[in-house]
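Presented below is the structure to which this report refers.
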Amino acid sequence: MFENIFDELKYRGFIEQSTDETVLRNLLGKEKVTAYIGFDPTADSLHVGNLVQIMALYLLQRYGHHPIALIGGGTTMIGDPSGKTELRQMMTREEIEANAARIKSQIGKYIDFSENGPATAVNNADWLLGLSYIGFLRDIGRNFSVNRMLAAESYKMRLETGLNFIEFNYQILQAYDYLELHRRYGCLLQMGGSDQWGNIVAGIDLIRRMEGNEVYALTTPLVTNSAGQKMGKTAQGAVWLDPERFKPYDFYQYWINVDDQDVIRFLKLFTVLHPDQIAEYEQLHGADLRKAKQRLAYELTAFIHDRQSAEDVQNAAAALFGAGHAKSGMPETILSKAELGEGLPITVLCSKVGLTASSSEARRMIRQGGLYFKDERIINEKYLVTVDDFESGEVLLRAGKKRFHLVRIQ
RNA sequence: GGGGAGAUUCCAGAGUGGCCAAAUGGGGCAGACUGUAAAUCUGUUGGCAAAGCCUUCGGAGGUUCGAAUCCUCCUCUCCCCA
């Protein structure tokens with residue numbers, strides 16, 4: 001559909017800012033380019049905020065370029081102040097290493113890191129942790145102008161509230177990463193979120209000074225919803241890509257529930273659907289837009305998790321919100337008869353299976369008429385759930401309109 | 001190095017001895033209306049086998065019948081001067 005990845009990136013809305021478009025486009029059109037994106041292992045799973053970067057790597061791979069996923073095991077020891085309002089909590093080395101390992105395998109689900117595979121995973125701890133301070137200052141540090149760094153947009157916010165020296169160095173290390181990857185792999189392009197522009201450009205300058213080579217930058221927009229909020233925050237916290245931390249069912253529902261105004265933009269960014277097809281969805285209005293949302297949720301769940309779970313959760317959701325009730329794919333908890341005992345108050349059951357955060361919350365919800373048991377609104381907050389309630393060993397709980405939970409008994 | 005301000009519940013931010021599980025706003029959740037959307041209105045928003053009890057106002061002690069509020073020490077943050 002596109003000859004040049006640059007055109008596809010542009011069409012899909014990945015490009016916020018880039019170094020000379022014409023030059024970069026030509027380069028991507030004529031040779032296999034090594035490009036990298038960094039991920040800092042600040043948690044043990046990536047979340048939807050990282051999705052744009054993952055898709056970018058995926059597209060690079062699809063076009064036969066050479067994507068490098070850089071895991072920032074070294075830089076995370078420092079913490080990136082870009083766009084942040086305060087000093088990040090210092091993490092221990094063990095935490096960072098454990099996170100790095102998990103994130104690497106997570107990205108490995110989407111990008112092929114196998115031996116002789118199309119993509120490469122590296123960890124900057126490998127070259128950053130062993131650096132000697134004086135040597136680094138003399139070789140690398142002298143290429144940086146403090147005046148220039150202070151003028152950078154990414155530090156602006158922090159200059160007002162306070163910027164710790166350790167964080168001030170982050171940019172230098174990221175620039176050094178680029179240099180290192182340029183030397184090791186001939187890396188010519190660094191991509192990243194728009195907040196990374198300053199850091200990336202610092203790397204470009206460094207490579208120009210040290211190697212005399214021209215390299216490139218491309219930043220993606222910060223993806224927000226139409227309300228202007230950062231993506232991926234829910235009451236349960238971030239929308240993690242790890243199915244253990246965020247169930248595929250909830251993941252699917254998350255995308256079903258995006259604003260009307262966001263659907264098309266997200267289809268472009270987060271799926272690889274053909275532009276013609278996206279154009280068709282673009283024609284939809286009003287309630288019909290749900291079709292587009294379903295497609296978005298399905299494609300993404302299939303990509304991030306797998307096709308089987310995507311189908312399961314799609315069927316479950318379709319059934320739940322249509323007629324009848326399919327039970328597969330929805331979150332469920334298996335309870336032993338012993339746990340149920342003589343019966344559990346409904347409030348306790350809800351908190352036990354995690355449908356509500358506490359039994360107080362369940363109680364509150366009952367008072368407000370928001371809790372359903374076997375499709376009926378619960379009025380009695382002291383209702384005792386006993387074995388007799390379970391029809392063919394299971395019972396359906398629902399909080400509000402959208403959150404379902406199946407309880408099975410064994 | 002000197003001086004000053006501050007740390008409150010998810011966030012912002014009131015409260016400066018009992019009326020405080022703590023104003024108000026944001027966010028979240030629920031209800032109504034809808035299309036599993038948005039907007040709007042209403043309610044709710046520490047926990048618990050709940051008209052009561054328990055834990056919470058940076059940390060540790062203390063004063064008091066009673067402390068988020070007063071005292072001592074500690075930790076951290078910010079501002080001004082050098």
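The figures that follow rest on heavy atoms only: side chains count, while hydrogens, waters and symmetry mates do not. All chains are named by letter (A, B, ...) in the order of the sequence lines, taking the proteins before the strands, and each is independently numbered beginning at 1.
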Rounded distance (Å) that lies between atom [atom2] of [N] and atom [atom1] of [X]:
{"X": "A/Gln314", "N": "B/rU36", "atom1": "CD", "atom2": "P", "result": "16 Å"}
{"X": "A/Phe321", "N": "B/rA37", "atom1": "CZ", "atom2": "P", "result": "9 Å"}
{"X": "A/Leu355", "N": "B/rC29", "atom1": "CG", "atom2": "P", "result": "13 Å"}
{"X": "A/Arg290", "N": "B/rA38", "atom1": "CZ", "atom2": "C1'", "result": "14 Å"}
{"X": "A/Leu284", "N": "B/rG35", "atom1": "CG", "atom2": "P", "result": "16 Å"}
{"X": "A/Glu342", "N": "B/rA49", "atom1": "CD", "atom2": "C1'", "result": "15 Å"}
{"X": "A/Ile264", "N": "B/rA38", "atom1": "CD1", "atom2": "C1'", "result": "16 Å"}
{"X": "A/His285", "N": "B/rA37", "atom1": "NE2", "atom2": "P", "result": "19 Å"}

For [N], take OP1 and OP2 only and decide whether either is under 4.0 Å from a side-chain N or O of [X].
{"X": "A/Tyr372", "N": "B/rG31", "result": "yes"}
{"X": "A/Lys402", "N": "B/rA37", "result": "yes"}
{"X": "A/Arg367", "N": "B/rG43", "result": "no"}
{"X": "A/Arg403", "N": "B/rA30", "result": "yes"}

Are the aromatic rings of [X] and [Y] close, with centres under 6.0 Å apart?
{"X": "A/Tyr185", "Y": "A/Tyr36", "answer": "no"}
{"X": "A/Tyr298", "Y": "A/Tyr252", "answer": "no"}
{"X": "A/Phe270", "Y": "A/Phe303", "answer": "no"}

Q) Looking only at heavy atoms, what is the nearest atom pair of A/Ile366 and A/Asn380, with distance? A) CG2-C, 4.3 Å
Q: Taking all non-hydrogen atoms of both residues into account, name the closest pair between A/Ala316 and A/Met330 and its distance.
A: CB-N, 4.1 Å
For [N], give its Watson-Crick or G-U wobble partner with both distances under 3.5 Å, or none.
{"N": "B/rC78", "value": "B/rG4"}
{"N": "B/rA39", "value": "none"}
{"N": "B/rG66", "value": "none"}
{"N": "B/rA12", "value": "B/rU24"}
{"N": "B/rC48", "value": "B/rG52"}
{"N": "B/rA60", "value": "B/rU72"}

Closest to the [X] side chain: [options]?
{"X": "A/Met365", "options": "B/rA30, B/rG35, B/rA32", "answer": "B/rA30"}
{"X": "A/Val348", "options": "B/rG31, B/rG35, B/rA49", "answer": "B/rA49"}
{"X": "A/Asp259", "options": "B/rA38, B/rG35, B/rC33", "answer": "B/rA38"}

Considering only atom [atom1], compute the distance from [N] to [M] and round it to an integer number of Å.
{"N": "B/rU55", "M": "B/rA39", "atom1": "P", "result": "41 Å"}
{"N": "B/rU16", "M": "B/rG66", "atom1": "C1'", "result": "16 Å"}
{"N": "B/rU56", "M": "B/rG3", "atom1": "C1'", "result": "34 Å"}
{"N": "B/rA38", "M": "B/rA32", "atom1": "C1'", "result": "16 Å"}
{"N": "B/rC80", "M": "B/rC70", "atom1": "P", "result": "27 Å"}
{"N": "B/rG61", "M": "B/rG15", "atom1": "P", "result": "28 Å"}
{"N": "B/rG26", "M": "B/rG13", "atom1": "P", "result": "16 Å"}
{"N": "B/rC78", "M": "B/rG17", "atom1": "P", "result": "30 Å"}

Q | 5' precedence on RNA chain B between A/Leu289 and A/Glu381 (nearest-nucleotide basis) | A | A/Leu289
(Q) Need to verify one output field. Residue with the more 5' nearest nucleotide on RNA chain B, A/Asp288 or A/Ser351? (A) A/Asp288
Q. Taking N and O atoms by type only, does the side chain of A/Gln368 place a donor or acceptor under 3.5 Å from a partner on the base of B/rG43?
A. yes
**Q.** Presence of donor-acceptor pair under 3.5 Å, side chain of A/Asp260 and base of B/rG35
**A.** yes
Q: Just call it for A/Gly400: base, sugar-phosphate, or nothing, with non-hydrogen atoms closer than 4.0 Å on any strand.
A: sugar-phosphate
Q. Stepwise, does the side-chain contact (heavy atoms from CB on, under 4.5 Å) test hold for A/Ile15 with A/Phe6?
A. CA-CA 9 Å; A/Ile15 301 177; A/Phe6 191 90; 3.8 Å; yes
Q: For the pair A/Phe321 and A/Gln253, evaluate side-chain contact (heavy atoms from CB on, under 4.5 Å) and give the outcome as yes or no after the intermediate values.
A: CA-CA 11 Å; A/Phe321 293 103; A/Gln253 286 297 326; 3.7 Å; yes
Q | Heavy atoms from other residues, nucleotides or ligands near CZ of A/Arg93 exceed 12 (cutoff 6.0 Å) | A | no
Restricting both atoms to N or O, compile the protein contacts to nucleotides 45-47 of chain B shorter than 3.5 Å, with distance only.
from, atom 1, to, atom 2, distance (Å)
B/rG47, OP1, A/Ser358, OG, 2.8
B/rG47, OP2, A/Arg364, NH2, 2.9

Q.
Check for me whether A/Lys268 meets the cation-pi criterion with A/Tyr11, that is, NZ or CZ under 6.0 Å from the six-membered ring centre and within 45 degrees of the ring axis.
A. yes
Q.
Consider side chain to side chain donor-acceptor pair (under 3.5 Å). Of A/His182, A/Gln174, A/Gln196, which one does A/Gln190 pass it with?
A. A/Gln174
